Amino acid sequence: MSDEPAAVAARDLTKRYGGVEVVSNATFALPRGSKIALLGPNGAGKSTLLGILSSLITPSDGEAAVAGYSVRQNPLALRRSIGVLAHLPMVYEELSPIENLEFFARLYEVPDADARIEELLRAVGLWRRRAEPTQVFSRGYHQRLAIARAILHRPAVMLLDEPETGLDPAGVELLDELVMRDPAVTVLAATHLVDRTSQWASGVLRLERGRVTEAPSMPAPLAEPDAASQPVGASS
Amino acid sequence: MAVLRKDLQLAWRDRSGWLSAFAFAAVSLLVYSFAFDLVATDVRPLLPGVLWTTFLFVGIFANGQSFQRESDAGTFDAMLVAPVSPATIYLGKVLTNLVSLFLIELALLVLATMLFDTALLTAELVLVVAIGTTGYVSLTTLLSTLGSRARARAVLLPVLALPLLVPLLIAGVRASGGALGEPVGSAPWLLLLVVFAMWSTVGGALLFPLAVER
């Protein structure tokens, strides 16, 4: 049994919309550095669960913590620790790649931002097109920029919702290289590409009708509320 | 400041929304100028109503667009998952809308000065417009957020905003009348505008986190 706190943990997590339980009493814990595939049919509650863990959606009941920070008690610190990549690229089409990343670097107060931006734009193959408005980019290039945006601030936990959308094989390889194979990063990725999960996933979290039907074996319980507002690894 | 800088950058890059709002307002002023007999009538008592009607529709037209664009592209969510308080995002958006709308209003005052042959670019009237616009954008920015996820969002903003804007519009019209020489003067109505602007800005910053909650 590991004493190390979970990178992502939920206890009795529930979200209701108009009396319908979209996520129902979800309890699980993901070890640090694990790469977990979030599987389930359409409408299983995957996006809602990711929304709760990224503090975009307020849970109706239960508790969750990401990187040691409670979604209810410490959302700002939690947001500093997560990277979010969804099927929408979440970048500004009127701005160039470099302007997009400069904006998000200011929001996240990324140290030595210029060097980090150049490093990432080179890594995703957009350095030569760094000054072009992204509205002329293909869907795949938007998603490459989205990868750079999501990891710009070196998050400890990546929450991904169908991240392969629009990516060509080279783009998917890039995603694997920059995110899925990074040993320091914990990944929870909703995907329908079940066959591909064997290439990166160390475990599965399966949802069906909002209920967890399969979870990685991780015995560490969710930290108590007081401890949940401390970062992972912080001494109390 | 990051949100303000980015939003101003976006407003400038995609200025078609604001330009079409300005074009619409300029045509409205032109039609009003044809409707009034400028030789036989003193148009000054009519101008506050003309100006605030025009400002109202320009704001509604342009304000909703900026939120709709953010919502459709998912960039609003990208800001919400960043370590920035919702109140900061709200104030950045209010400032952007304030700067953009106020610049259009100044241009409209210049145009109205020419069309109605009346000096409108006075310090007092510009102050009235600036404070009135602050209250206006504080409220409509909050309401745009509420409406941005609704299917009928194009209709929702005016329906929600217009009843709440009634005190501001009355005060704006009366203060503008005072600034243009009405005997009562602009001071009491200007005070109401200041109170409205403070109430809507503080209220907006407090309510914005609830407006973006899901």
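Remember, it's a predicted structure, so these values are computed and weren't measured experimentally. In the text below, chain A, chain B and the rest are named by the order of the sequence lines, each starting its count at 1.
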Under the rule for ring-ring contact (aromatic ring centres under 6.0 Å, His included), what residues qualify as partners of A/Tyr108, not counting sequence neighbours?
A/His153
I need the B/Glu213 CD to A/Ser55 OG distance, nearest 0.5 Å.
11.0 Å
OH of A/Tyr92 to CE of B/Met79, rounded to nearest 0.5 Å, is 3.5 Å
Can you tell me which portion of A/Glu102 sits under 4.5 Å from chain B's heavy atoms? Options are side chain, backbone, both or neither.
neither
Can you say whether A/Val84 sits under 4.5 Å from chain B via the side chain, the backbone, both, or neither, judging by heavy atoms?
side chain
When only pairs under 4.5 Å are counted, which of A/Thr48, A/Ile52, A/Ile57, A/Leu56 shares the most heavy-atom pairs with chain B?
A/Leu56
Taking the side chain as every heavy atom from C-beta outward, state whether B/Lys6 and A/Phe104 have any pair of such atoms under 4.5 Å apart.
no
Is any side-chain heavy atom of A/Arg106 closer than 4.5 Å to a side-chain heavy atom of B/Arg5?
yes
Can you confirm whether more than 12 heavy atoms, excluding those of [X], are under 6.0 Å from its [atom1] atom?
| X | atom1 | value |
| --- | --- | --- |
| B/Asp117 | CG | no |
| B/Phe102 | CZ | yes |
| A/Arg16 | CZ | yes |

Relative to chain A, which of B/Leu10, B/Thr88, B/Thr75 shows the most heavy atom pairs under 4.5 Å?
B/Thr75
side-chain contact (heavy atoms from CB on, under 4.5 Å) between B/Asp77 and A/Leu88, worked out:
CA-CA 10 Å; B/Asp77 283 352; A/Leu88 275 179; over 6 Å; no
What pairs of residues pass the salt bridge (charged side-chain N to carboxylate O under 4.0 Å, His left out) test when at least one of them lies in residues 79-95 of chain A, not counting sequence neighbours?
A/Arg80-A/Glu109, A/Glu94-B/Arg69
What are the two closest heavy atoms between A/Leu76 and B/Ser85, and how far apart are they?
CD2-N, 4.0 Å
